[in-house]
A.B. asks: 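My structure is below; once you've seen it, I'll send some questions.
Order of appearance sets the numbers: ligands from 1, and atoms from 1 within every ligand. Worth knowing before you read on, the calculation uses all heavy atoms, side chains too, and leaves out hydrogens, waters and symmetry mates.
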Amino acid sequence: MKFIQQQPLQQLNTFGIATTAANYVKVTSLSDVQTIVTDRYWLSEGIKVIGGGSNILLTQPLDGLLVHNQLKGINVVAEDEQFVYLKAAAGEQWHDVVMYAVANNWGGIENLSLIPGCVGASPMQNIGAYGIEIKDVFHALEAIAIGSGEMITFSQQDCQFAYRESVFKRALKGQYVIVSVTYQLRKQPIFNTSYGAIEQELARAGITNLTVKAISDAVIRIRTSKLPNPSAIGNAGSFFKNPTISASSFAQLQATYPEIVGYHLPQGDVKLAAGWLIEKAGFKGWRSGDVGCHSKQALVLVNYGNASGSDVWALATNIIDKVQAMFGVSLEPEVNIW
Ligand code: FAD
Ligand code: NAP
């Protein structure tokens, strides 16, 4: 393993924030991971893990050791009449796993096409898009405990998945390196096209015969047309989670803002579209220097070039305060602030 000091990070986070890691190492094997997470020196300095860097905001130089997960491998580990169990190593690109499933016509993750980042982070925030979340296809994951080096298998229940949440962002934060995830995919796919613009896009393209590939292609086209490509404009996708409020609070807001966008959840609460709140608060397309709010999707904060992590965070807090003042709603970052 090659340990690098003062590693530049601009190319390693999709926000394109120029800062450094005091110490950096790539890991390509389970024994690499185990060696590092049981090393007393690195344990005392502090260990952080990174995959694709597409869900972090770097607000300061990183001290301690940054471990870049590059474990590779995608394999079918079991199958039965209904399901295929596909195991992917944590350093695989998530979209490559989706493409692997699409090529084999296995259903379940086609709506999650083109989400940046790696397999290891997919359970961290229970990635989701177009009505599907990782929890819907999750079978198990393996993680190595930071400190003991013990390999533990986590079940669906152990992960405590919720909307953009898991136990790894809460009670077990910073305690494990996820090394593989196994997904349960359907041999006879069940399609979910009712969310967002999928149906509209399928109709526009004249698709009447639904397939895993047709849906994946539609999602890719929608995402490409709406979301800024991080290699052109720095961003980490949706900066905030969609807030949930009670049905009565929603009714009150509707009285003032009849066009407010909210979705009634089965439990009775209402999920607000944070993008709508931010747009209404006047930030959509807003820019100051190199930091801004994207012109097509207000939920996405962007770095046009040389913004610092603190610049982005200053805009984020400005948005949080304005939305709170206008609507009485608290926005919570989805992105991990480092
Ligand atoms: P990183 O940013 O590297 O890490 C994120 C967090 O996970 C950090 O806390 C890190 O320490 C931890 N982590 C990473 N790997 C491991 C590991 N192996 N073990 C332990 N901890 C680990 N997200 C969605 O849910 N849905 C979307 O539709 C979506 N669209 C996006 C679109 C764009 C343009 C962008 C830039 C981002 C989008 N995201 C979306 C956010 C992001 O892509 C996902 O959260 C993704 O899973 C992050 O993966 P990563 O490898 O880049 O994680
Ligand atoms: P969109 O389709 O314009 O929808 C706006 C918001 O409304 C979304 O946030 C979505 O909530 C919600 N929504 C839409 N249809 C819904 C339905 N039928 N039932 C319940 N809620 C509904 O959103 P978009 O920005 O183009 O994104 C499309 C999908 O990709 C969304 O699922 C979004 O979460 C996901 N995405 C996520 C990120 C990220 O970084 N996390 C970035 C880009 C896109 P949800 O967000 O809860 O789904």
A.B. asks: Can you pull out the closest protein heavy atom to atom 18 (N) of ligand 1? Residue, atom name and distance to 0.1 Å, please.
C.D. replies: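 Result: Ile178 O, 2.9 Å.
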A.B. asks: Centres of the Tyr85 and Trp106 rings: under 6.0 Å?
C.D. replies: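 Aromatic pair excluded; centres sit 6.0 Å or further apart.
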A.B. asks: What protein heavy atom sits nearest atom 7 (O) of ligand 1, and how far away is it?
C.D. replies: Met124 CG, 3.4 Å
A.B. asks: Looking only at heavy atoms, is any part of Ile50 under 4.0 Å from ligand 1, and if so is it the side chain, the backbone, or both, or is it neither?
C.D. replies: both
A.B. asks: Decide whether an N or O pair under 3.5 Å exists between Ala90 and ligand 1.
C.D. replies: no
A.B. asks: Tell me, which protein residue and heavy-atom name are nearest atom 4 (O) of ligand 1, and how many Å apart are they?
C.D. replies: Ile56 CG2, 4.2 Å
A.B. asks: Can you sort out which atoms of ligand 1 are near Gly128, meaning under 4.0 Å from one of its heavy atoms?
C.D. replies: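 Near Gly128, the atoms of ligand 1 are 24 (C), 25 (O), 26 (N), 27 (C), 28 (O).
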A.B. asks: Nearest non-hydrogen atom to atom 39 (C) of ligand 2 belongs to which of Ala298, Gly262, Ser238, Gly275?
C.D. replies: Ser238
A.B. asks: Number the atoms of ligand 1 from 1 as they appear, then name those within less than 4.0 Å of a heavy atom of Ala236, with their elements.
C.D. replies: 35 (C), 36 (C), 37 (C)
A.B. asks: Ignoring hydrogens, just give me the one of Tyr130, Tyr195, Phe240 whose non-hydrogen atom is nearest atom 17 (C) of ligand 2.
C.D. replies: Tyr195
A.B. asks: Checking contacts here: is it the side chain or the backbone of Gln125 that comes within 4.0 Å of ligand 1, counting heavy atoms only? Could be both or neither.
C.D. replies: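 Only the side chain of Gln125 comes within reach of ligand 1.
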A.B. asks: Is Trp276 near ligand 2, meaning one of its heavy atoms is under 4.0 Å from it?
C.D. replies: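 Distance cut 4.0 Å: Trp276 fails for ligand 2.
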A.B. asks: Could you tell me if Lys173 sits above the aromatic ring of Phe168, with its cationic atom closer than 6.0 Å to the ring centre and no more than 45 degrees from the axis?
C.D. replies: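 Pair Lys173/Phe168 does not count as cation-pi.
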A.B. asks: Measuring from atom 1 (P) of ligand 2, which candidate in Lys296, Gln297, Glu334, Lys226 has the nearest non-hydrogen atom?
C.D. replies: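 Going through Lys296, Gln297, Glu334, Lys226 one by one, Lys226 has the nearest heavy atom to atom 1 (P) of ligand 2.
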A.B. asks: Can you pull out the closest protein heavy atom to atom 46 (C) of ligand 1? Residue, atom name and distance to 0.1 Å, please.
C.D. replies: Pro116 O, 3.5 Å
A.B. asks: I'd like to know whether the aromatic ring centres of Trp94 and Tyr183 sit less than 6.0 Å apart in this structure.
C.D. replies: yes
A.B. asks: What part of Asn235, side chain, backbone, both or neither, has a heavy atom within less than 4.0 angstrom of ligand 1?
C.D. replies: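 It is both parts that get close, each with some atom under 4.0 Å.
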A.B. asks: Taking the basic N atoms (NZ, or NE/NH1/NH2) and the acidic carboxylate oxygens, is any pair closer than 4.0 Å for Asp217 and Lys213?
C.D. replies: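 Counted as a salt bridge, because a side-chain N and a carboxylate O are separated by less than 4.0 Å.
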A.B. asks: Which is it for Lys169 and ligand 1 at heavy atoms under 4.0 Å: side chain, backbone, both or neither?
C.D. replies: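 Neither part.
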A.B. asks: Give the atom numbers and elements of ligand 1 that come within less than 4.0 Å of a heavy atom of Gly53.
C.D. replies: 1 (P), 2 (O), 3 (O), 50 (P), 52 (O)
A.B. asks: Kindly state if atom 37 (C) of ligand 2 has a protein heavy atom within a strict 4.0 Å cut-off, that is, under 4.0 Å?
C.D. replies: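 Given the 4.0 Å limit, the answer for atom 37 (C) of ligand 2 is yes, a protein heavy atom qualifies.
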A.B. asks: Measuring from the heavy atoms of Glu133, does anything fall under 4.0 Å of ligand 1?
C.D. replies: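 No; Glu133 lies far enough from ligand 1 that no heavy-atom distance drops under 4.0 Å.
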A.B. asks: Provide, to 0.1 Å, the distance between atom 35 (C) of ligand 2 and the closest protein heavy atom, together with that atom's residue and name.
C.D. replies: Ala129 CB, 3.6 Å
A.B. asks: State whether the shortest distance between N or O atoms of Thr14 and N or O atoms of ligand 1 falls below 3.5 angstrom.
C.D. replies: no
A.B. asks: Quick check: does Gly52 get an N/O under 3.5 Å from an N/O on ligand 1?
C.D. replies: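 Among all N and O atoms of Gly52, at least one is under 3.5 Å from an N or O of ligand 1.
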A.B. asks: Between Asn303 and Gly234, is there a donor-acceptor pair closer than 3.5 Å when you use the side chain of the first and the backbone of the second?
C.D. replies: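 Not a single qualifying donor-acceptor pair exists.
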A.B. asks: If you measure every N/O of Asn55 against every N/O of ligand 1, is any gap under 3.5 Å?
C.D. replies: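 In this structure, Asn55 places an N or O atom under 3.5 Å from an N or O of ligand 1.
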A.B. asks: Would you kindly specify which portion of Tyr176 sits under 4.0 Å from ligand 1, judged on non-hydrogen atoms: side chain, backbone, both or neither?
C.D. replies: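 Contact part for Tyr176 vs ligand 1: backbone (N, CA, C, O).
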A.B. asks: Quick check on contacts: which atoms of ligand 1 are under 4.0 angstrom from a heavy atom of Asn69?
C.D. replies: 18 (N)
A.B. asks: Any atoms of ligand 1 less than 4.0 Å from a non-hydrogen atom of Gly117? List them with their elements.
C.D. replies: 49 (O), 50 (P), 51 (O), 52 (O)
A.B. asks: Hey, are Lys241 and Glu334 close enough for a salt bridge, meaning a charged N less than 4.0 Å from a carboxylate O?
C.D. replies: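 Judged by the 4.0 Å cut-off on N to carboxylate O distance, Lys241 and Glu334 do not form a salt bridge.
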A.B. asks: Heavy atoms only: which of Arg164, Arg223, Lys271 is nearest to atom 33 (C) of ligand 2?
C.D. replies: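 Of the listed residues, Arg164 has the closest heavy atom.
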A.B. asks: List the residues meeting side chain to side chain contact (heavy atoms under 4.5 Å, CB included) with Ala236, not counting sequence neighbours, and say none if there are none.
C.D. replies: Thr14, Phe15, Val335
A.B. asks: Side chains of Glu142 and Ser180 only: does a donor on one sit below 3.5 Å from an acceptor on the other?
C.D. replies: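 There is such a pair (donor and acceptor under 3.5 Å, judged by atom type) between the side chains of Glu142 and Ser180.
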A.B. asks: Going by a strict under-4.0 Å cutoff (protein heavy atoms only), does atom 4 (O) of ligand 2 have a neighbour on the protein?
C.D. replies: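 Protein heavy atoms within 4.0 Å of atom 4 (O) of ligand 2 - there are none.
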A.B. asks: Does Trp338 approach ligand 1 within less than 4.0 angstrom via side chain, backbone, both or neither, non-hydrogen atoms only?
C.D. replies: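 For Trp338, the contact with ligand 1 is made by the side chain alone.
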A.B. asks: For ligand 1, find out whether one of its N or O atoms is nearer than 3.5 Å to an N or O atom of Cys118.
C.D. replies: yes
A.B. asks: Just let me know how Ile127 lines up against ligand 1, side chain, backbone, both or neither, with a heavy-atom cut-off below 4.0 Å.
C.D. replies: both
